[in-house]
Trainee: 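Below: one structure in C-alpha cells.
The sequence lines fix the lettering, A, B, ..., with proteins before strands; numbering per chain opens at 1.
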Amino acid sequence: MANDTQRFQAIIAHCKEYGFIFPSSEIYDGLSAVYDYGQWGSELKKNIKDYWWKSMTQLHENIVGIDAAIFMHPTVWKASGHVDNFSDPMIDNLDSKKRYRVDHLIEAKAEELESAGDAAASKTLLDKMDELLAANDYEALRELIIANNIKCTVSGTSKWTSVRQFNLMFSTQLGSVTDEASEIYLRPETAQGIFVNFLNVQKSGRMKIPFGIAQIGKAFRNEIVARQFIFRMREFEQMEMQFFVRPGTQKEWYEKWKETRMNWHLSLGIPKEDYQFKPHVKLAFYADAACDIEYKFPIGFKEVEGIHSRTDYDLKQHQEFSRKKMQYFDSETNQNYIPYVIETSIGLDRMFLLIVSHAYTEEDLSTAEKPDSRVVLRFPAKLAPLKLAIFPLTKKDGLPELARELMNECMPAFRCFYEEKDAIGKRYRRQDAIGTPFCVTIDHQTKEDGTVTIRHRDTMKQERVAMGDIKAMVQKEIS
RNA sequence: GCGAAAGUAGCUCAUUUGGUAGAGCACGACCUUGCCAAGGUCGGGGUGGCCGGUUCGAGCCCGGUCUUUCGCUCCA
C-alpha cells in the first residue's frame, strides 16, 4: 500500500514534470481539485476522446452523437431529481467532528424509538422532519435534533453546529441582470442533454429503436471532498451514451453493453485482471440494474465507468414536467411507448488516469559497469500524444536536412517531434518519458542507401528500414 | 468542512542553536563525442508559498492565510 501511494505520487509528479497535467492557476497558488491539461496531456486526452467517439458512433450504425449546451433550462434538474435529491442539509458534531446528513440522523432516532416500542413518537418525529425539510427551516431542524436528545454516536454528545445545506450543483446567473428567475445550474451530468433532445434526434434522424445517442462533454459537481488528483474533480468530462430500447428488452441490452464496454477497454491492451465489474447493491431510485467497471488504480480498484439500466424514468419525468409526449411509435409491434434506457457513462479524466497508471513504468537497466534506469510511459500507440520522434545523429554533415525531409513527409499524417540536441541516448530517454512509441535516427548510412533506424519504445530494439517506409509503418501501428 | 503534517531554483534536496541561501540534475550558448541518461567551458535562474508580528537582524520563532499530502465526513 505504501508502495502504491508512492507510485501514485510519482505518477502525479511525472504528469506535471512532463507537461501532462498542471494544477489550475498554479501561479496563484492553485485552485483546489481543479487541474489543467498541458501540451502532451491535452493530446492524450483528445486521442482517448477520439477513440471512444469513433468506436461508439462510427462503428455503430444506430448510434449518433450530439453536443448539447452546458446551460439547460432549470426545470430539467427538477425533472431529473437533482434539485430535490442532492441538496441535503448537513450538521456537524463539534466534539467528534463527524458530519451527518440531517435526515439520516433523525431517521436513525426514529428507528430507535420504533424498536423501543414507541411507534407513535417515531411517526411524530418523522412527520415533523418532513414538514421542516419541505419548508427548508434549518433552525427548527436543529432544534428538533436537540429537543429529541439526539446524540452523536461517536462522541455521545449533542453539541451540534447549525444546519447547513450541501448543494451538489453549481449555480450561476443567466443574463446580465441578476434576479431570482435567472438562476441556472451548470449541468451535473451530460445525460440530461441527451434526454431533452430525444425527440429531436429521433425524429430528425428517423431513428428506429433500438438506437443510441452519444455525447462527450463537461459536467460540474460540488463534491464535498474532491481529491485524489484528477480522479475526483469539480469540473470533469464525461463520455456517455444513452441507448433507447423497447420496454422488456432492457435486461438483454444491459448485458450486451456490459460486454461491449469491457471489450472496448480490453482493446487497448490493458490486462483483463486489472478490471472488474462491481454490481451496485443499493440501486438508485431510477435504476433496475447497475454496475461499475472498476480499474485497479494505484489507489485501489475504483470506478472508471458505469453501466446503468435507467428504465423509462428520465423520459417519463421529462414528459411530466414538459407536458410533451416522449413516446415512440414502434411499427413492428404497432405500439406507442416510452423507451427504456441503458446508459454507459465513462469519466474521461478517469480514463486518462487509467491510461497513465497503466503506462507508467520505472525500469532498472543497470549493468555490472554502471547503474541505469528509465521512466517509460507505455501508452497504446494509438493514444500516445506523439507518434514519432525524428533525430539526426549529428547536427552536421547534412543529416538535419535529411531529417527535415522525413518530418515534412510525416507531419501531416501524425504528430511528430524533431530534436537534434544532446546525445542520442538522452533524446531516446526523453521520448520514453512522454510515451512516444517510435524514434527514427538519421545517420551517415542514410546518405548512402536511404535507410534509417527505427527504435521501439518498449523493447528499446532498433531495426534498419528504408526512410520511405517509415510513414506507412507508423501509420499501421497507430490505426 | 474537521484533525495532523508539509511548502527553500523547473525537479530532488541541503543550509549545526535566528546573522541578509547552496548542491546535483534540468535549462541556455559553445567545444568534444556520435545509437540508448549523467564529457568540458561559460551562463541564466530563488523578495525561502503569501501576509503580518517579535527582534538590531527571520527561511529558521509566533499568528493568520493559501495550497498539497494523509486520516475522517459525503459521493444519484
Trainee: For A/Asp443, answer base if it contacts any base atom (sugar-phosphate contacts may also be present), sugar-phosphate if it contacts only those atoms, and nothing otherwise; contact means non-hydrogen atoms under 4.0 Å.
Mentor: base
Trainee: Using OP1 and OP2 only, check whether a side-chain N or O of A/Arg430 sits under 4.0 Å from B/A38.
Mentor: no
Trainee: When you check the gap from the basic side-chain N to the acidic O, do A/Asp422 and A/Arg429 get nearer than 4.0 Å?
Mentor: no
Trainee: Could you check which of B/C27, B/C36, B/C35 has an atom nearest any side-chain atom of A/Arg464?
Mentor: B/C35
Trainee: Give a yes/no on whether any side-chain N or O of A/Lys426 is located under 4.0 angstrom from OP1 or OP2 of B/A26.
Mentor: yes
Trainee: Rounded to whole angstrom, note down the C1' distance from B/A37 over to B/G1.
Mentor: 46 Å
Trainee: Do you know which two heavy atoms are closest between A/Thr394 and A/Pro400, and how far apart they sit?
Mentor: O-CD, 3.7 Å
Trainee: Test A/Tyr295 against A/Phe297 for ring pair (Phe, Tyr, Trp, His ring centres under 6.0 Å), laying out the working first.
Mentor: CA-CA 6 Å; A/Tyr295 175 75; A/Phe297 287 98; 5.1 Å; yes
Trainee: Report which part of the nucleic acid A/Glu17 touches: base, sugar-phosphate, or nothing (heavy-atom distance under 4.0 Å, all strands).
Mentor: sugar-phosphate
Trainee: Tell me whether the OP1 or OP2 atom of B/C70 has a side-chain N or O from A/Gln228 closer than 4.0 Å.
Mentor: no
Trainee: Base, sugar-phosphate, or nothing for A/Glu189, non-hydrogen atoms under 4.0 angstrom?
Mentor: base
Trainee: A/Asp432 pairs by salt bridge (charged side-chain N to carboxylate O under 4.0 Å, His left out) with which of A/Arg378, A/Arg427, A/Arg455?
Mentor: A/Arg455
